[in-house]
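Sequence positions, counted from 1, serve as the residue numbers for this chain.
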Amino acid sequence: MIEITECPRDAMQGIHHFIPTEIKATYLNLLLKVGFDRLDFGSFVSPKAIPQLIDTVDVLHRLDLSQTSTKLLAIIANVRGAIEACTHKEISFLGFPFSVSETFQLRNTNAGITDSLERVKEIISLCDKHNKQPLVYLSMAFGNPYNDPWSPEIVTEYTEQLVQMGIKNLMLADTTGVSTPENIKQLYDTLHASFPTIDLGMHLHSTPPTVVKKIEAAFNSGCKRFDTALGGYGGCPMASDKLTGNIATEALLSFLKDKGNFAAINEEALFQAQSYSNKKVFRP
């Protein structure tokens with residue numbers, strides 16, 4: 001069964017007009033009814049960095065988790081954020097963006113690669129104490145626009161370090177949409193063979209013309225976990241002024257349907273979430 005993490009946090013963080021707290025919460029509650037495996041709902045990062053998500057705690061308090069199996073995932077960028085996130089029992093996963101690009105790691109978390117590895121150690125310790133699961137996004141996994149060193153060997157080296165620390169959940173993140181079907185297959189095949197016990201998934205970004213081929217490459221390599229966002233919204237504002245959207249949830253579901261491989265999705269609830277997002281969430 002393919003498992004999907006819906007990423008409204010990723011979709012909303014780059015929007016310039018502030019989305020009211022009540023609208024965010026209503027949208028997330030609709031998504032909680034769809035049947036996604038995980039919901040990337042918010043972040044505990046500096047409000048100066050991501051002002052759109054300054055109300056993450058208020059949003060969290062408005063979520064109805066009484067009739068959903070979907071697990072909440074929150075993004076953190078440092079130990080302070082992890083400590084705050086750990087105080088909320090509703091959150092199951094803490095996601096940390098670790099980049100193989102030194103330039104992007106500094107831009108995204110205000111710390112270089114070496115210091116970020118130390119942060120990961122502390123975050124793992126906090127997760128162990130508070131019954132959370134740490135998840136690492138291996139960002140710029142398919143290359144970067146800064147001319148920083150990149151190769152599959154570099155990605156494999158950092159993956160090995162993270163796995164040895166105790167990371168069991170890892171997402172290969174195409175932060176700026178530079179991945180190709182060829183390097184998606186190459187990298188997934190390499191890491192899956194080298195680290196068969198970890199939960200390895202894909203957080204891809206794409207423009208519409210290439211989205212199906214990227215999904216197909218990951219699927220054919222055996223990937224069973226995908227991050228998506230309704231409508232293909234999203235992109236990292238720390239990476240580029242020209243954002244490349246997330247893989248659209250609709251595109252993945254259509255692909256899976258064509259393959260006869262269905263995700264456990266409530267289609268009526270999905271339609272309601274789509275309708276609400278088109279009217280309220282992504283319109284100023």
Side-chain angles (χ1 to χ4, degrees), residues 2-3 5 7 10 75 95-109 111-121 123-124 134-207 209-228 234-236 238-240 244-247 252 255:
I2 299 298
E3 296 183 338
T5 298
C7 301
D10 208 5
I75 300 300
F96 180 78
F98 175 82
S99 178
V100 302
S101 160
E102 179 78 8
T103 301
F104 183 62
Q105 193 63 20
L106 285 166
R107 291 183 63 168
N108 200 31
T109 66
I113 287 175
T114 299
D115 288 341
S116 293
L117 287 170
E118 292 301 314
R119 288 184 182 183
V120 172
K121 289 180 183 178
I123 290 166
I124 291 172
L135 181 151
V136 168
Y137 295 90
L138 203 56
S139 64
M140 299 291 174
F142 299 94
N144 63 81
Y146 313 115
N147 294 317
D148 287 346
W150 176 87
S151 68
E153 291 74 23
I154 289 174
V155 179
T156 302
E157 176 187 340
Y158 284 121
T159 300
E160 183 172 10
Q161 291 186 53
L162 292 165
V163 171
Q164 288 178 350
M165 288 180 192
I167 292 296
K168 297 181 176 65
N169 297 280
L170 188 71
M171 301 298 293
L172 296 177
D174 177 15
T175 318
T176 54
V178 299
S179 65
T180 65
E182 292 75 23
N183 62 24
I184 287 171
K185 176 177 174 21
Q186 178 189 19
L187 193 56
Y188 190 91
D189 287 351
T190 297
L191 295 184
H192 186 59
S194 300
F195 311 101
T197 62
I198 67 171
D199 185 347
L200 182 65
M202 290 280 185
H203 182 104
L204 299 173
H205 289 232
S206 179
T207 55
T210 60
V211 63
V212 174
K213 290 188 178 299
K214 290 186 179 186
I215 292 172
E216 185 172 36
F219 179 84
N220 288 344
S221 293
C223 182
K224 291 181 170 56
R225 183 176 299 285
F226 290 84
D227 284 4
T228 65
C236 181
M238 297 301 178
S240 172
T244 304
N246 289 65
I247 293 290
L252 176 62
F255 174 85

Self-check item: Test side chain to side chain contact (heavy atoms under 4.5 Å, CB included) applied to Phe255 and Glu216, step by step
Solution: CA-CA 8 Å; Phe255 174 85; Glu216 185 172 36; 3.8 Å; yes

Practice problem: Starting at NZ of Lys214, measure out to CD1 of Ile247 and round the result to the nearest 0.5 Å. | Solution: 6.5 Å

Self-check item: Asp174, Thr175, Asp10, Thr228 screened by side chain to side chain donor-acceptor pair (under 3.5 Å) with His203, the one that passes
Solution: Asp10

Exercise. Rounded to the nearest 0.5 Å, what's the gap from OH on Tyr188 to CZ on Phe219? Could you check?
Key: 11.5 Å

Quiz prompt | side chain to side chain contact (heavy atoms under 4.5 Å, CB included) assessment of Ile167 paired with Ile124 | solution = CA-CA 8 Å; Ile167 292 296; Ile124 291 172; 3.8 Å; yes

Quiz prompt | Heavy-atom side-chain contact between Phe195 and Leu170 under 4.5 Å | solution = no

Practice problem: Look up atom OG1 in Thr109 and atom CZ in Phe104, then write down how far apart they are to the nearest 0.5 Å. | Solution: 8.5 Å

Exercise. State, with a plain yes or no, whether a side-chain heavy atom of Val155 is found less than 4.5 Å away from one of Leu187.
Key: yes

Quiz item: Is there a side-chain contact between Leu200 and Thr159 (heavy atoms, below 4.5 Å)?
Solution: no

Quiz item: Is the shortest heavy-atom distance from the side chain of Leu172 to the side chain of Leu204 under 4.5 Å?
Solution: no

Quiz item: Does the side chain of Asn108 reach to within under 4.5 Å of the side chain of Ser99, using non-hydrogen atoms?
Solution: no

Practice problem: Begin with the C-alpha distance, continue with both residues' side-chain angles, and end with the deciding distance and a verdict on side chain to side chain contact (heavy atoms under 4.5 Å, CB included) for Asp115 and Gln105. | Solution: CA-CA 10 Å; Asp115 288 341; Gln105 193 63 20; over 6 Å; no

Quiz item: OG/Ser179 to NE2/His205 distance, rounded to the nearest 0.5 angstrom?
Solution: 9.5 Å

Quiz item: Are Glu118 and Lys121 ion-paired here, with the side-chain N under 4.0 Å from a carboxylate O?
Solution: yes

Quiz item: Can you tell me how far CD1 of Ile215 sits from CZ of Phe226, rounded to the nearest 0.5 angstrom?
Solution: 7.0 Å

Quiz item: When you look at Thr180 and Phe142, which way does the side chain to side chain contact (heavy atoms under 4.5 Å, CB included) test go after all the steps?
Solution: CA-CA 8 Å; Thr180 65; Phe142 299 94; over 6 Å; no

Quiz item: Does the side chain of Ser139 reach to within under 4.5 Å of the side chain of Met171, using non-hydrogen atoms?
Solution: no

Quiz item: What pairs of residues pass the salt bridge (charged side-chain N to carboxylate O under 4.0 Å, His left out) test when at least one of them lies in residues 186-200, not counting sequence neighbours?
Solution: Arg38-Asp199, Lys185-Asp189, Asp199-Arg225

Quiz item: Rounded to the nearest 0.5 Å, how far apart are CZ of Phe96 and CG of Leu135?
Solution: 12.0 Å

